[in-house]
Amino acid sequence: MVGDLDYDSLLTTTDPSGSLGWSTSPGHASKPRVKACFVILTRNSELAGLETSIRQLEQQFNHRHHYPYVILNDEPFAPELERSVRGLTGGANTTFGVIPQEHWGYPSWINQTQAADARRRMANVMYGGSESYRHMCRFESGFFFRHPLLAEFDYYWRVEPGVQFTCAIDYDPFVFMHERDIKYGFTISLKEIPATVESLWPATLDYMRQNRAMVPIDNTLAWVVDPDIPSTYNLCHFWSNFEIASLAFFRSEQYLSYFNHLDRAGGFYYERWGDAPVHSLAATMFLRRDQIHWFQDIGYVHASYENCPSDPVINSEKCTCNPRRSVDRVSFSCTREFMHLTPEDRLDVDGLL
Ligand SMILES: Nc1nc2c(ncn2[C@@H]2O[C@H](COP(=O)(O)OP(=O)(O)OP(=O)(O)O)[C@@H](O)[C@H]2O)c(=O)[nH]1
Ligand SMILES: *[C@@H]1O[C@H](CO)[C@@H](O)[C@H](O)[C@H]1NC(C)=O
Ligand SMILES: *[C@@H]1O[C@H](CO)[C@@H](O)[C@H](O)[C@H]1NC(C)=O
Ligand SMILES: [Mg+2]
């Protein structure tokens with residue numbers, strides 16, 4: 001929680017850009033209103049993409065705010081990468097963290113023979129044959145928020161190498177979320193590849209059965225359960241390569257107990273559970289609809305999909321993207337359904353279990 005933040009005293013800003021999110025006074029370092037940072041997990045080989053992402057983020061948003069960057073890697077950073085990133089992040093504090101071994105690798109209870117069998121069986125599924133991808137998904141599901149470099153922060157914005165930000169962001173999304181008690185923000189939602197999550201929903205139902213009190217009545221599960229086929233996961237998830245979220249949410253007893261349950265079940269290795277469906281199912285179980293926000297106005301491109309604001313005024317004034325390419329318009333997005341959810345769509349959890 002960021003409840004102890006003295007918000008009112010920070011309301012007057014002398015930031016010459018007039019943007020929200022900072023108060024500056026002569027002789028003092030700029031001080032952000034919300035303790036927030038960017039988190040970028042990267043490999044040394046992704047330097048070019050990392051540079052693209054940071055350049056665009058600085059240009060569209062952060063040159064006015066100087067939120068710090070935390071760059072993470074499972075291997076020691078190449079000195080060239082550190083030098084190059086520091087050159088691009090300018091006024092923002094940038095720290096480089098190597099991920100502790102116990103956060104990136106098999107837990108003791110995983111049978112690695114069985115895990116290798118699963119990789120062979122799933123060789124023709126996207127990343128189904130990859131061992132490192134699985135370590136990455138487990139790390140992003142259960143550990144990134146425990147990295148010591150994130151300890152001082154309350155919110156984070158996840159960024160990946162090689163993404164693009166196609167609209168000027170002339171307000172502060174962290175402040176926007178903090179003011180409204182929003183815990184999870186996304187740009188793109190999609191349907192997951194079924195073979196990667198076959199047992200994720202059954203494991204989630206098990207979790208809810210064993211931890212019934214953890215799931216509030218005003219949850220958002222209606223978004224992931226098809227009303228016509230009760231007790232079935234419709235594969236909808238927020239695409240986690242972009243995320244602006246509360247770290248308190250991930251550090252909560254609810255989230256941690258859910259992650260531990262999934263980790264024990266083994267599907268990060270015996271299937272190929274992605275961090276996107278894991279974060280999403282947690283958000284829908286533990287958060288209210290109004291604590292989850294679609295950043296429709298943040299133009300964002302990751303590989304083959306993009307989010308682009310359809311509002312003609314916003315689009316023409318702030319963006320360089322084509323709204324006709326925005327993925328929320330297509331059938332394999334779940335964003336339209338998310339926007340249509342009302343409190344009356346509340347799902348009876350006991351009916352599910
Ligand atoms: N340090 C490190 N980072 C990794 C590794 N694998 C993936 N990542 C990072 O984890 C994030 C997700 O990996 P991606 O390869 O982008 O996977 P994806 O987004 O599901 O798929 P594509 O971007 O379409 O390939 C990115 O930030 C990568 O840089 C790894 O083995 N080591
Ligand atoms: C930069 O971040 C590090 C690690 O969190 C912190 O110790 C240091 O004080 C920060 N520097 C500035 C100038 O804020
Ligand atoms: C690990 O899995 C393999 C293949 O499924 C199995 O033959 C073996 O008995 C398992 N090992 C243990 C210790 O459970
Ligand atoms: Mg990616």
Side-chain angles (χ1 to χ4, degrees), residues 22 24 28-32 35-54 57 65-78 81-82 85-86 89-101 103-106 119 122 125-144 147-154 156-165 186-193 196-197 237-243 247 268 272-280 300-307 327:
W22 285 84
T24 43
H28 292 86
S30 296
K31 196 166 173 248
K35 286 185 275 177
C37 65
F38 300 105
V39 179
I40 315 182
L41 173 65
T42 187
R43 289 171 281 224
N44 286 319
S45 60
E46 294 177 288
L47 176 56
L50 189 60
E51 291 171 340
T52 312
S53 298
I54 294 174
L57 202 51
H65 300 270
H66 308 298
Y67 278 108
Y69 287 82
V70 175
I71 318 285
L72 299 176
N73 193 346
D74 64 310
E75 291 182 341
F77 284 97
L81 183 147
E82 292 199 20
V85 169
R86 284 194 203 285
T89 51
N93 194 2
T94 306
T95 50
F96 296 86
V98 174
I99 294 164
Q101 250 173 19
H103 294 178
W104 189 284
Y106 294 104
R119 291 198 299 278
M122 297 180 69
V125 176
M126 195 178 178
Y127 295 117
S130 170
E131 185 176 43
S132 66
Y133 193 84
R134 286 178 170 79
H135 292 322
M136 182 276 288
C137 289
R138 177 172 177 265
F139 170 77
E140 293 285 22
S141 296
F143 297 98
F144 78 91
H147 195 281
L149 289 177
L150 295 191
E152 65 184 286
F153 298 110
D154 296 321
Y156 73 96
W157 182 331
R158 174 163 159 190
V159 179
E160 282 193 1
V163 301
Q164 296 180 57
F165 294 93
F186 71 98
T187 49
I188 290 172
S189 77
L190 293 173
K191 298 220 168 138
E192 185 54 292
I193 302 165
T196 65
V197 288
H237 62 287
F238 308 117
W239 222 22
S240 60
N241 48 68
F242 173 107
E243 255 175 5
L247 285 161
F268 290 110
R272 203 227 66 197
W273 294 348
D275 52 287
V278 170
H279 290 191
S280 302
Y300 174 70
V301 185
H302 173 285
S304 27
Y305 298 118
E306 72 178 272
N307 182 63
V327 76

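Note that ligands are numbered from 1 as they come in the structure, with each ligand's atoms numbered from 1 the same way. What you see is a predicted model, and the numbers here were worked out from it, not measured in a lab. Hydrogens, waters and symmetry mates are skipped; everything else that's a heavy atom, side chains included, is used.
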Worksheet item: Looking at H302, which atoms of ligand 1 are within less than 4.0 Å of one of its heavy atoms?
Response: 19 (O), 22 (P), 23 (O), 24 (O)
Discussion item. Quick check against the 3.5 Å criterion: does R272 have a side-chain atom that pairs as donor or acceptor with the backbone of Y133?
Written reply: no
Fill in: Nitrogen or oxygen of T42 less than 3.5 angstrom from that of ligand 1
yes
Item to complete: Say whether, by atom type as modelled, one donor and one acceptor occur between the side chain of R138 and the main chain of G105 under 3.5 angstrom.
Response: yes
Practice prompt. Please find out if less than 6.0 Å separates the ring center of Y106 from that of H135.
Written response: yes
Worksheet item: Would you say ligand 1 has an N or O under 3.5 Å from any N or O of D74?
Response: yes
Worksheet, complete the sentence: Closest non-hydrogen atoms of I71 and F77, given as atom of the first, atom of the second and distance, are O-CZ, 3.4 Å
Worksheet item: Counting both backbone and side chain atoms, is some N or O of L41 under 3.5 Å from an N or O of ligand 1?
Response: yes
Worksheet item: Does S53 use its side chain to pair, donor to acceptor, with the backbone of G162 at less than 3.5 Å?
Response: yes
Response to the item:
Restricting H302 to its N/O/S atoms, the closest one to the Mg ion (ligand 4) is NE2
Discussion item. Among Y305, F165, W239, exactly one meets ring pair (Phe, Tyr, Trp, His ring centres under 6.0 Å) together with Y300. Which residue is that?
Written reply: F165
Discussion item. When you measure from the side chain of H103 to the backbone of G142, do you find a donor-acceptor pair of N or O atoms at a distance under 3.5 Å?
Written reply: no
Discussion item. So which atom in V98 and which in H147 form the shortest heavy-atom distance, rounded to 0.1 Å?
Written reply: O-NE2, 3.1 Å
Practice prompt. Identify which of E160, E75, E131 has a heavy atom lying nearest to atom 12 (C) of ligand 1.
Written response: E160
Worksheet, complete the sentence: Closest to atom 28 (C) of ligand 1 among protein heavy atoms sits E46 OE1, 3.6 Å
Discussion item. Checking one value in my table: which N/O/S atom of E160 lies closest to the Mg ion (ligand 4)?
Written reply: OE1
Worksheet item: So which protein heavy atom does atom 15 (O) of ligand 1 come closest to, and at what separation?
Response: R43 NH2, 3.4 Å
Discussion item. Just to be sure I understand the cut-off, which residues have at least one non-hydrogen atom under 4.0 angstrom from an atom of ligand 2?
Written reply: N93, T95, E152
Fill in: From Y133, Y127, F144 - option closest to atom 20 (O) of ligand 1 by heavy atom
Y133
Item to complete: Looking only at protein heavy atoms, identify the closest one to atom 8 (N) of ligand 1 and say how far it is in Å.
Response: M136 CG, 3.8 Å
Fill in: Electrostatic pair E152-K35, nearest N-O below 4.0 angstrom
no
Practice prompt. Measure the distances from the heavy atoms of W104 to every atom of ligand 1 and state whether one is below 4.0 angstrom.
Written response: yes
Practice prompt. Give the numbers and elements of all ligand 1 atoms closer than 4.0 Å to a heavy atom of N73.
Written response: 1 (N)
Worksheet item: Does the N44 side chain pair with the main chain of A78, one donor and one acceptor, at a distance under 3.5 Å?
Response: yes
Item to complete: For E243 and S240, work out which heavy atoms get closest and say how close.
Response: OE2-CB, 3.3 Å
Practice prompt. Using modelled atom types only, decide if a donor and an acceptor are shared between the side chain of T94 and the backbone of R86 within a distance under 3.5 Å.
Written response: no
Worksheet item: So, H237 side chain and L190 main chain: donor-acceptor pair closer than 3.5 Å or not?
Response: yes
Practice prompt. Enumerate the atoms of ligand 1 whose separation from the nearest heavy atom of P161 is less than 4.0 angstrom.
Written response: 27 (O), 29 (O)
